Structure formats: structure tokens, C-alpha cells
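One structure below.
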Amino acid sequence: MLQSHDHTRPGPDRSGKEEPVADRREESYSREIREVQSELAGLRSELRRFIEHTNRQHVDAALSGIRREYADVFIEQALSDADQRLRERMIRDCPMRERCYAAFYEFLKASAEHIRDGEVSEEVVRSYRDRLAAMRKGGKLETCSTCFTETNRLFEKQIELMRSLGIYRESREASSSVADLPDEVLVRDLLEPLANRHRFRIVQSLAAGTQTFSALSTLTDLRGGNLLFHLRKLQDAGMILQWHERGDYIITEKGYKALTGVAALYADLEP
């Protein structure tokens, strides 16, 4: 007659008696599982940082390529816009109109040339603002404010383009309190553009590489004017750029930072 055998060996327990080997093995397995889980969490964190770093390199390389290849296009477009706006909005019957037009246009032409640069410092931007302020002091007529306001608007539009291309990165002090956050600006330029599923998918796809209108249409299942509406929303918010008319779309510095910020927030809040 076969007899059953208990293959566990006694081991010491809390009472001084020995625990079964099976219990010790289970504890050992649990410890190993916890170690593996910890390693996997570390690997996931490293992988996330690697992906973000890789995307960061991609964005920098893409923007650098656009600056080199399309700098002339951006500058030409900025100066064409400046010429049109100045001629339309400067005071027409002012005796200084042509002289001031030439001065304003040369100012905007000089500032636009910095689009070719890999980086524009705050000192450079400040020097242009100071120069424009000095020119404003020289304007003695009551109507001068109209022309200077338009010139300043065109200059700030150039600076915004430089921000989008990653050429100009101004340093800003962090708000001391959430109460100091500009709610209207944050909602309009950051939260609302990404709050739509289609727009979020567009920004996600552009973080991986440039995309054509057709590719984005396939991705979002949107056609014509519907897709164009969302693209313009993202462009107006400064999150994406179009290389040139009918050209490919690319994520901007702001768009990439917004996307990685959302990813970091989601990782922190993920249950």
C-alpha cells in the first residue's frame, strides 16, 4: 500500500517551530516578483525619458532643417506682410509718410533677417524694442502713434514666428501662485487647442514627424474644411506650423512642450 509523503522540510516559524519549505518558496517568489515589478517600472520610466529625448531631438532637427531650407520663404512672407500692412494702415495724408515707411520697413527687414539665425537672445530682441521706442520719441505728430502701433504689431508678429521656430526662447519666472496664472490666455492658447480629440491626435502625430494634409485627413477621418478648421486652431495657438503654402505640417516648440507636459501630467495622475 502506497503511503503519502510530505516533502516539505520543517523550518523555524514564530513559535520556534520550523516553517514548511513551500511557505519559504512562496515568500521568495513574492520577493522576486516585487523586484521584477520594480525593475519594469524603472525601465518604463527610462523608456519614457528616451522617447521624449528622441522626440526632442527630432523636433530640434526638423525645426533646424526648416529654418535653413525655408528661411528665405519666411523672411519674404514677413516682409511682404509688412509692406502691405504699412501701406494700408499708415496715415495717408501725413507729409512724413514715405520717409517713415522707409524707416519702418528697414527696421522690420533687419529684424526679420534673424529668422536665419539658430538662436536669438533676449538682448537682441530688447535692442530692437529699444530702437523702436527711440524712433517713437522722434515722432512729433499726433498721428504718429497709429503708424508706430502698426510697426510694433508687425515686429511682435515676427518674434512670435521666431518663438514657434525655436529661434527665440525668452526666460520667464515661474508664477508664485496658481492664482497668478493668466486664465484667459491659458484656456485660449493652451487648454482649448488640445481639448479636442482630433487636434490632440494631430499634435501627437506631428511629434513623430512631419505630415501632409492628406495624411492628417486619413489619421483624423476629417475632410476639407473640417480638417482645415482644426489645423488653423492649432496654428493660431502656435502649436504647429505649415512649411509654406500647401506644404507639410510640423509641430512647434510650444506644441511639443504642451504635449510632453500633458504626458507628464497624465503619468503623475494615472491610477
Side-chain angles (χ1 to χ4, degrees), residues 63 66-172 182 184-185 188-190 193 228 231-247 249-255:
L63 290 175
I66 287 178
R67 285 196 295 267
R68 288 193 304 269
E69 188 171 355
Y70 293 99
D72 289 341
V73 175
F74 285 128
I75 292 172
E76 182 181 350
Q77 184 177 15
L79 294 181
S80 175
D81 186 39
D83 174 67
Q84 179 182 351
R85 296 291 183 178
L86 288 174
R87 293 190 182 280
E88 287 178 354
R89 301 188 181 187
M90 287 182 67
I91 301 300
R92 293 188 178 278
D93 57 354
C94 177
M96 298 293 292
R97 176 184 167 89
E98 291 304 317
R99 181 177 175 181
C100 289
Y101 166 84
F104 292 149
Y105 186 83
E106 285 303 315
F107 171 85
L108 293 168
K109 181 179 179 181
S111 60
E113 285 294 327
H114 289 286
I115 294 174
R116 302 183 196 278
D117 300 342
E119 184 175 355
V120 176
S121 67
E122 288 191 66
E123 288 73 21
V124 169
V125 173
R126 191 180 302 115
S127 70
Y128 276 93
R129 291 195 173 116
D130 291 344
R131 179 178 163 188
L132 188 60
M135 291 169 64
R136 177 66 185 91
K137 288 182 179 179
K140 305 300 183 182
L141 302 177
E142 293 183 2
T143 54
C144 286
S145 60
T146 299
C147 301
F148 276 100
T149 297
E150 184 59 28
T151 303
N152 183 70
R153 191 193 69 80
L154 289 165
F155 172 69
E156 293 300 332
K157 189 175 180 180
Q158 290 182 4
I159 297 303
E160 186 58 38
L161 174 60
M162 293 178 191
R163 285 194 189 97
S164 297
L165 291 170
I167 299 170
Y168 175 51
R169 303 176 185 180
E170 59 187 326
S171 59
R172 299 176 180 176
E184 184 177 348
V185 175
R188 183 190 67 227
D189 295 341
L190 182 61
L228 195 58
L231 290 173
R232 283 177 176 167
K233 274 275 190 181
L234 292 169
Q235 286 178 286
D236 290 343
M239 292 193 177
I240 68 171
L241 278 176
Q242 190 175 19
W243 285 22
H244 54 86
E245 188 177 0
R246 297 182 182 278
Y249 291 88
I250 184 171
I251 195 170
T252 65
E253 177 87 2
K254 177 180 177 179

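What you are looking at is a predicted structure, and each value in this text was computed from that prediction instead of being measured.
Note that CG of Asp81 and CG of Leu86 are 9.0 Å apart. Values are rounded to the nearest 0.5 Å. Here CG of Asn152 is found 8.0 Å from CZ of Phe107. Values are rounded to the nearest 0.5 Å. Atom OH of Tyr168 is separated from atom CG of Leu161 by 14.0 Å, given to the nearest 0.5 angstrom.
The two residues Ala237 and Lys254 make their nearest non-hydrogen contact at O-NZ, 2.7 Å. Between Leu108 and Ala82, the shortest heavy-atom distance links the atoms CD1-CB, 3.7 Å.
Residue pairs that meet the ring-ring contact (aromatic ring centres under 6.0 Å, His included) test with at least one member in residues 129-153, sequence neighbours left out, are Phe104-Phe148. Here salt bridge (Lys or Arg N to Asp or Glu O under 4.0 Å) pairs that include residues 231-243, with residues two or more places apart or in two chains, are Glu192-Lys233.
Put simply, the side chain of Thr151 gets close to the backbone of Cys147: a donor and an acceptor are under 3.5 Å apart.
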Return all side-chain donor-acceptor pairs below 3.5 angstrom for residues 127-135, not counting sequence neighbours, or 'none' if the list is empty.
residue : atom : partner : partner atom : Å
Ser127  : OG   : Val124  : O            : 2.5
Tyr128  : OH   : Ala110  : O            : 3.3
Tyr128  : OH   : His114  : NE2          : 3.0
Arg129  : NE   : Glu156  : OE2          : 3.0
Arg129  : NH2  : Glu156  : OE1          : 3.0
Arg129  : NH2  : Glu156  : OE2          : 3.2

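For Glu106, the side chain to side chain contact (heavy atoms under 4.5 Å, CB included) test picks out Lys109, with sequence neighbours left out. Looking at residues two or more places apart in sequence or on another chain, you find a side chain to side chain donor-acceptor pair (under 3.5 Å) between Glu160 and Arg163. Residues forming a side chain to side chain donor-acceptor pair (under 3.5 Å) with Glu88 (at least two apart in sequence, or on another chain): Gln84. Applying the side chain to side chain contact (heavy atoms under 4.5 Å, CB included) criterion to Glu113, with sequence neighbours excluded, gives Ile75, Arg116. Every side chain to side chain donor-acceptor pair (under 3.5 Å) that Ser111 has, sequence neighbours left out, goes to Gln158. Under the side chain to side chain contact (heavy atoms under 4.5 Å, CB included) criterion, Thr143 pairs with Ile91, Leu141, not counting sequence neighbours. Evaluation of the side chain to side chain donor-acceptor pair (under 3.5 Å) rule for Glu98 yields no partner, not counting sequence neighbours. Residues satisfying the salt bridge (Lys or Arg N to Asp or Glu O under 4.0 Å) test with Arg126, not counting sequence neighbours, are none.
Contact annotation: the side chain of Glu119 never approaches that of Met162 to less than 4.5 Å [non-hydrogen atoms, C-beta and beyond].
By the neighbour-count criterion of 12 heavy atoms within 6.0 Å, atom CD of Gln77 is sparsely surrounded, having that number or fewer from other residues, nucleotides or ligands.
Shown are Leu241, Leu231, Leu234; of these, the side chain to side chain contact (heavy atoms under 4.5 Å, CB included) with Tyr249 is made only by Leu231. A salt bridge (charged side-chain N to carboxylate O under 4.0 Å, His left out) with Glu150 is found for exactly one of Lys157, Arg85, Arg89, namely Arg89.
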